[in-house]
S.K.: 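Got a structure for you, written out below as structure tokens; questions coming shortly.
Lettering of chains follows the sequences in order, A, B, ..., and the numbering in each one begins at 1.
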Amino acid sequence: MKEHNHNSELPVGNFIRTRIEEDLGRYPKILTRFPPEPNGYLHIGHAKSICLNFGMARDYQGQCNLRFDDTNPVKEDVEYVESIKDNVRWLGFDWNDGLFFASDYFEKLYEFAVELIKKGHAYVDDLSAEEMREYRGTLTQPGQNSPWRERPVEESLLLFQQMREGVFADGAKVLRAKIDMQSPNLNMRDPVLYRIRKAYHHRTGNAWCIYPMYDYAHAVSDALEGISHSLCTLEFEDHRPLYDWALEALDMPKPRPQQIEFARLNLEYTMTSKRKLLQLVQEKLVDGWDDPRMPTLVGLRRRGYTASSIRSFCERIGVAKRDSWIEMDWLEQSLRDDLNPTVKRVMAVLEPLKVVIENYPEGTSEELDIPYFPDEPARMGSRKVPFGRELYIERSDFMEEPFKKFFRLAPGREVRLRFAYYITCQRVVKDEQGNIKELVCSYDPATKGGDSPDGRKVKGTIHWVSAAYALPVRTRLYDRLFVNPRPEGLDELNPESLKEITVYAEPSLATLAPGQRCQFERQGYFCADQELSQPGRPVFNRIVALRDSWAKLLKEGKA
RNA sequence: UGGGGCGUCGUCAAGCGGUAAGACCCGGGUCUUUGGAAUCCGUAUUCGUAGGUUCGAAUCCUACCGCCCCAGCCA
């Protein structure tokens, strides 16, 4: 049996890990790179790539560069550069001194292009975009050589120089690789290497009016940086021959970087296409890139997701070449796993139902000391929670006609108020329409703290909050942004993806700082919104609900 | 109908000729001041289909079927 898991701390082998391990001796060191184009905000799909690239570098004592693929000035902006750097750092990765821009290499890229022309590997073409499309042929028909293909080297050299000098208009000429117009791989049918684009570049300003294309710039950049493994997504598989061609045509030193492709992340109910995300923002279907419903890293961060939960999610989903759709539950479960042992538990009622304890002395109240983390009370300490004659409990914690497996409050039934007292429901008070208005209950003073001295057991424990001292808090509940698991377009948006309610929280929540997280007993994990919270007045985002197996029972009970 | 990829449990994913890892979900038990958490047990006689090679195949061969990507002077 082949032992793949050499180091027990490493996740089990994926094909990329295997490849790298085979190459360990062939390269001075393992050098990967994360190469975003600064044309938008990073999303959960990029997190997979970041974790992969930086993770491989970390696991094999190598290095991962952060390189901006800024070869198309009209789409790019410094705003994106800064947010990408910020997001990578937030995810917990460090590029050390490996921060690069493809635009840093523009001069070298130009010189290499000149070399290609001199070697007869490239030529300047005068065909228009439309003509070039016609000459390219189709999937089933070979292309035809451009009439300019055999233009003398000296002429191409001069024209390319003039392209750089701004002699020609946008689109008038391009530099093309001379490969094979007959190739069944369309990428090899004399692909464009340089185009004229008289546009302001966010880093080089107006220094250039010709810009290299991705395939050329990427291969050369990888080689210049000494990248060992250039990991990218599956759609670039057909580009690999071109990548290798460029390195060979330029006689780049060996060992050369190798491109390895993996499947991009597809997450159910979310969109991981920069174009569509941009559209969501532009059409104001969401509040912005950092809308807590967005799958962007800024969105997830604002929602309350932790960087470590995203990292463990990326590890959990694995890396392979088959198209896959990851269930939302994986992301959510990663978050719960992370937050469960690290976050304070507090009480808050989402949908209040008033409870009046008839035998509790009127006009009085008391404070109960309740641990923030009952599983290990010493770890996070405790807080005082006011208790009184009038309380709110969760509406769903009471059923007038309980089904068989419903263990919570019902007429005549005794339950425990968490860390407080046992109460028994005596009467149900209704309004004229027959809606339940409040419950009249009695409590057993001997059960203070939630334990009965006579050993009497109750089957249910419910959370509560003092009506007199409850803190009403603006709270935003989120649902999936799309109706369909595998959304096709924006017309499938879920109109109920955002619901705003008022939650009745225990007073200690007033001090929750923006960005801080907590667990509302039974309700889920919440985070004080960074943008909307005011000092002393938090606004909660529900990050994720708790796993709720009783909701299923409820449904079955009603059926 | 050209080329490049991919098909193993509901969902991910190991496996690379020696008789189907693991994870999420799911089902059940224990425990519990939340029906949460923790913990234990169970869950693919079968690897897209059909043939073939072999003592032995998810792994090799052949054919077929299905899905994804490619005709930007985007990345």
Side-chain angles (χ1 to χ4, degrees), chain A residues 1-2 4-5 11-15 18 35-37 39 69-72 74-76 125 127-129 132-134 136-143 170-176 183-189 191-197 210-211 213-215 217-218 232-241 261 263 268 274-275 315-327 329-330 332-334 336 340-341 345 347 370-371 374-375 397 405-408 415-420 449-451 458-463 519 521-524 546-554:
Chain A
M1 195 88 178
K2 195 175 172 186
H4 269 288
N5 199 357
V12 286
N14 61 55
F15 74 103
T18 306
E37 182 187 19
N39 68 343
D69 249 331
D70 54 350
T71 55
N72 186 2
V74 298
K75 286 188 173 181
E76 298 153 7
D125 195 340
L127 250 33
S128 69
M132 203 178 289
R133 196 177 312 127
E134 286 162 20
R136 185 156 35 228
T138 67
L139 293 177
T140 51
Q141 291 175 327
D170 284 14
K173 291 184 173 16
V174 292
L175 182 72
R176 288 232 256 172
S183 173
N185 180 348
L186 303 222
N187 295 299
M188 299 300 271
R189 318 238 264 231
V192 172
L193 263 23
Y194 267 90
R195 76 285 215 184
I196 301 169
R197 192 84 98 217
I210 55 171
Y211 292 93
M213 298 288 289
Y214 162 85
D215 288 298
H218 202 85
C232 64
T233 44
L234 248 27
E235 63 266 31
F236 292 104
E237 236 159 359
D238 288 340
H239 296 237
R240 189 171 357 119
E261 310 83 9
E268 287 195 335
K274 271 189 192 173
R275 212 193 89 245
E315 239 168 64
R316 196 175 287 195
I317 58 176
V319 185
K321 295 191 76 166
R322 69 185 82 156
D323 296 317
S324 59
W325 282 83
I326 310 291
E327 293 172 344
D329 199 63
W330 288 49
E332 297 179 344
Q333 193 52 40
S334 298
R336 293 190 194 101
N340 176 49
R345 295 172 173 215
M347 292 194 286
I370 303 181
D375 288 0
D397 283 345
K405 286 185 171 175
F406 186 84
F407 299 146
R408 282 119 101 154
V415 298
R416 172 168 43 230
L417 294 178
R418 182 151 227 233
F419 286 110
D451 277 316
V458 287
K459 291 190 94 170
T461 300
I462 64 179
H463 61 277
Q519 187 200 97
E521 303 266 13
R522 189 172 256 141
Q523 294 298 347
L546 249 39
R547 274 190 56 214
D548 190 9
S549 50
W550 100 274
K552 207 187 309 167
L553 285 173
L554 183 67

S.K.: A:Arg240 CZ to B:rG4 P: how many Å, rounded?
M.R.: 11 Å
S.K.: If I take atom CD1 from residue A:Ile326 and atom CD from residue A:Glu268, how far apart are they, to the nearest 0.5 angstrom?
M.R.: 9.0 Å
S.K.: Determine the interplanar angle of the A:Tyr214 and A:His239 rings, folded into 0 to 90°, and report it as parallel if under 30°, tilted if 30 to 60°, perpendicular if over 60°.
M.R.: perpendicular
S.K.: Return the nucleotide paired to B:rA23: Watson-Crick means purine N1 to pyrimidine N3 with N6-O4 or O6-N4, wobble means G-U with N1-O2 and O6-N3, both under 3.5 Å.
M.R.: B:rU11
S.K.: By the 4.0 Å heavy-atom rule, please label A:Val174 as base, sugar-phosphate, or nothing.
M.R.: base
S.K.: Does B:rG72 sit syn or anti, given that only angles within 90° of 0 count as syn?
M.R.: syn
S.K.: Figure out the NE2/P separation between A:His218 and B:rA75, and round it to whole Å.
M.R.: 11 Å
S.K.: For A:Ser183, which contact category applies under a 4.0 Å heavy-atom criterion: base, sugar-phosphate, or nothing?
M.R.: nothing
S.K.: Using the closest heavy atom to pick a nucleotide of RNA chain B for each, name whichever of A:Asn340 or A:Trp330 lands nearer the 5' end.
M.R.: A:Trp330
S.K.: Classify the nucleic acid contact of A:Ala320 as base, sugar-phosphate or nothing, counting any heavy atom under 4.0 Å across all strands shown.
M.R.: sugar-phosphate
S.K.: Look up atom CG in A:Leu186 and atom CG in A:Asp238, then write down how far apart they are to the nearest 0.5 Å.
M.R.: 8.0 Å
S.K.: For A:Val319, report the nucleic acid contact type (base, sugar-phosphate, nothing); a contact means any heavy atom under 4.0 Å.
M.R.: sugar-phosphate
S.K.: Could you give the CZ-to-C1' distance, from A:Arg136 to B:rG2, as a whole number of Å?
M.R.: 15 Å
S.K.: With rounding to the closest Å, how many angstrom separate the C1' atoms on B:rC24 and B:rU62?
M.R.: 38 Å
S.K.: Can you tell me how far P of B:rC69 sits from CG of A:Asp323, to the nearest Å?
M.R.: 7 Å
S.K.: From C-beta outward on A:Glu327, which listed nucleotide comes closest to its side chain: B:rC74, B:rU11, B:rG2?
M.R.: B:rU11
S.K.: Report each atom pair, protein N/O against N/O of nucleotides 57-60 of chain B, whose distance is under 3.5 angstrom.
M.R.:
none

S.K.: Distance from A:Glu327 atom CD to A:Gln333 atom CD, nearest 0.5 Å?
M.R.: 12.0 Å
S.K.: Does A:Thr138 reach a base, just sugar-phosphate, or nothing at all? Heavy atoms under 4.0 Å.
M.R.: base
S.K.: Output the rounded distance in Å from CD (A:Glu235) to P (B:rG72).
M.R.: 16 Å
S.K.: Sticking with atom C1', work out how far B:rG3 lies from B:rU46, rounded to a whole angstrom.
M.R.: 34 Å
S.K.: Can you check the distance between B:rC41 and B:rA21, where both ends of the measurement are the P atom (answer in whole Å)?
M.R.: 15 Å
S.K.: Which protein N or O atoms sit under 3.5 Å from an N or O of nucleotides 28-30 of chain B?
M.R.:
none

S.K.: Could you pick out which residue, A:Glu237 or A:Arg408, lies toward the 5' side of RNA chain B when each is mapped onto its nearest nucleotide?
M.R.: A:Glu237
S.K.: Using a heavy-atom cut-off of 4.0 Å across all strands, would you classify A:Ile317 as base, sugar-phosphate, or nothing?
M.R.: sugar-phosphate
S.K.: How far does CG of A:Asp125 sit from CG of A:Leu193, to the nearest 0.5 angstrom?
M.R.: 12.0 Å
S.K.: What does A:Arg345 touch in the nucleic acid at a heavy-atom separation under 4.0 angstrom: a base, only the sugar-phosphate, or nothing?
M.R.: base
S.K.: Roughly, in whole Å, what's the span from CD in A:Glu315 to C1' in B:rC12?
M.R.: 14 Å
S.K.: Describe the nucleic acid contact of A:Asp238 in one word from base, sugar-phosphate, nothing, applying a heavy-atom distance below 4.0 Å.
M.R.: base
S.K.: On a plain distance test, is the side chain of A:Arg316 in donor-acceptor contact with the base of B:rU11 below 3.5 Å?
M.R.: no
S.K.: Measure the distance from CG on A:Asp215 to P on B:rC73 and round it to the nearest whole Å.
M.R.: 11 Å
S.K.: Just call it for A:Glu268: base, sugar-phosphate, or nothing, with non-hydrogen atoms closer than 4.0 Å on any strand.
M.R.: nothing
S.K.: Looking only at atom C1', what distance separates B:rA57 and B:rG51, rounded to whole Å?
M.R.: 14 Å
S.K.: Determine the contact category for A:Arg418: base if any of its heavy atoms lies under 4.0 Å from a base atom, sugar-phosphate if only primed atoms, P, OP1 or OP2 are that close, otherwise nothing.
M.R.: base
S.K.: What contact category does A:Arg522 fall into here, base, sugar-phosphate, or nothing, at under 4.0 angstrom with non-hydrogen atoms?
M.R.: base
S.K.: Check every strand shown and say whether A:Glu37 touches a base, only sugar-phosphate, or nothing at a heavy-atom separation below 4.0 Å.
M.R.: sugar-phosphate
S.K.: Is B:rC6 paired to anything, Watson-Crick or G-U wobble with both distances less than 3.5 Å, and if yes, which nucleotide?
M.R.: B:rG66
S.K.: Please work out if A:Leu193 contacts a base, only the sugar-phosphate, or nothing of the nucleic acid, heavy-atom cut-off 4.0 Å.
M.R.: nothing
S.K.: Find the distance A:Phe236:CZ to B:rG72:P and express it as a whole number of Å.
M.R.: 15 Å
S.K.: Would you mind classifying the nucleic acid contact of A:Lys173 as base, sugar-phosphate or nothing, using non-hydrogen atoms under 4.0 angstrom?
M.R.: nothing
